[in-house]
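Here's the structure, in structure tokens; my notes come after.
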Amino acid sequence: MLENIAIFSGLSQPELEILENHMVTRTFRKNTVVINEGDEAKSLYIILSGKVRVFLSNADGKEIIINSQGAGDHFGELALLDDAPRSASVMTTEKSSIGAISKADFVALLAKHPELALKLTRELTQWVRLLSDNVKTLALMDVYGRVAKTLLAMAEKEGDHLVIDNRPTQQDIANRIGASREMVARIMKDLTTGNYISIDGKRLVINEKLPDAY
């Protein structure tokens, strides 16, 4: 599995086997917190199967989702590089198998393979760009624009339609865009009534181009 992870793609098979031997794999049930914001950073995590969401929360329990990840993605590397506490929490959104590589092994790997640091820097740059885009969306778009952008970002092409196989709940969407669930529910209802979207079990289908404005 590690050879399919972008930052490890340059390692030889023996090196990958050594790394795998140092990786501890655990299976997490759906809705299990893997790391908490503020925790001490001890490991880099690699998603072998399943999905997780990365989120921030406050003392009142209000959340904002900043990313979703699946098999082949990794998280927790940022805090390993600067020795700061975890900057976000991560929770599984379905049953997941996740491998953990200790901080000591990861730092030793970077020292031996400087090119990995460059790959990691590129991925972190993409992460910063994603966060910048999220901030721009929150600051400059109205709630409808944020809902529409989120649905389009999650959808994949299937025939003549765009489809989200595991559709998010209205609360999930609200947490992603910093809005109330009630406002999201109203927008989703109107899009459904107008036949712009349709719900089929766990699937959400975008039937035609979403309106430019609400």
Side-chain angles (χ1 to χ4, degrees), residues 1-58 61 63-134 153-154 165-166 168-169 172 175-176:
M1 181 66 190
L2 291 183
E3 64 187 5
N4 297 320
I5 310 298
I7 61 170
F8 299 139
S9 60
L11 298 182
S12 67
Q13 194 61 40
E15 289 168 333
L16 288 171
E17 290 175 359
I18 292 174
L19 194 57
E20 287 181 353
N21 289 336
H22 285 85
M23 183 171 69
V24 177
T25 302
R26 290 182 57 192
T27 298
F28 296 86
R29 294 180 178 179
K30 180 180 179 180
N31 295 330
T32 300
V33 174
V34 182
I35 60 174
N36 277 300
E37 181 181 355
D39 282 351
E40 179 184 358
K42 297 181 179 180
S43 302
L44 163 71
Y45 294 90
I46 299 167
I47 306 171
L48 304 177
S49 65
K51 293 181 180 179
V52 305
R53 60 185 172 93
V54 184
F55 66 96
L56 303 173
S57 60
N58 62 16
E63 296 181 1
I64 182 165
I65 299 173
I66 57 177
N67 197 18
S68 295
Q69 296 181 301
D73 292 327
H74 54 82
F75 59 88
E77 68 285 336
L78 185 61
L80 297 183
L81 300 176
D82 62 6
D83 295 322
R86 299 293 189 189
S87 57
S89 300
V90 177
M91 175 183 283
T92 58
T93 55
E94 60 183 55
K95 183 178 178 181
S96 303
S97 177
I98 298 175
I101 299 174
S102 73
K103 180 175 182 177
D105 288 336
F106 182 61
V107 172
L109 186 66
L110 289 179
K112 186 176 180 181
H113 296 277
E115 72 276 9
L116 295 184
L118 178 59
K119 292 181 181 179
L120 187 57
T121 300
R122 288 173 177 167
E123 293 205 10
L124 292 178
T125 299
Q126 293 176 355
W127 175 249
V128 171
R129 291 184 187 279
L130 173 64
L131 292 179
S132 297
D133 185 60
N134 287 344
M154 298 181 71
D165 276 328
N166 293 300
T169 66
D172 286 338
N175 290 345
R176 286 176 180 271

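Computed from a prediction, not measured in an experiment: that's the story for all the values here. Scope of the values below: all heavy atoms of this structure, side chains included, with no hydrogens, waters or symmetry mates.
How far OG of S12 is from CD1 of I18: 7.5 Å, rounded to the nearest 0.5 Å. The distance from the CD1 atom of I47 to the CD1 atom of I98 is 5.5 Å, given to the nearest 0.5 Å. A distance of 13.0 Å separates CG in L48 from CZ in R26, rounded to the nearest 0.5 Å. Separating the CG atom in N166 from the NZ atom in K51 is a distance of 4.5 Å, to the nearest 0.5 Å. Considering NE2 of H113 and CG of L118, their distance stands at 14.5 Å, rounded to 0.5 Å. Separation of atoms CE (M91) and CD (E63) is listed at 6.5 Å; rounding is to 0.5 Å.
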If you look only at distance, which donor and acceptor atoms sit under 3.5 Å apart when one is on a side chain in residues 65-75 and the other is two or more places apart or in another chain?
{"residue": "S68", "atom": "OG", "partner": "R176", "partner atom": "NH2", "Å": "2.3"}
{"residue": "Q69", "atom": "NE2", "partner": "H74", "partner atom": "O", "Å": "3.1"}
{"residue": "D73", "atom": "OD2", "partner": "G70", "partner atom": "N", "Å": "2.9"}
{"residue": "H74", "atom": "ND1", "partner": "E77", "partner atom": "OE1", "Å": "3.0"}
{"residue": "H74", "atom": "NE2", "partner": "E123", "partner atom": "OE1", "Å": "2.7"}

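Between the side chain of D133 and the backbone N or O of R129 there is no donor-acceptor pair closer than 3.5 Å.
Residue G38 comes nearest to P85 through the heavy atom pair O-CB, 3.5 Å, listed as atom of the first residue, atom of the second, then distance. The two residues R86 and E40 have their closest heavy-atom pair at NE-O, 4.1 Å. Between A88 and F55, the shortest heavy-atom contact is CB-O, 3.7 Å.
For residues 89-112, every residue pair satisfying the side chain to side chain donor-acceptor pair (under 3.5 Å) rule, not counting sequence neighbours, is listed here: D83-K103, S102-D105.
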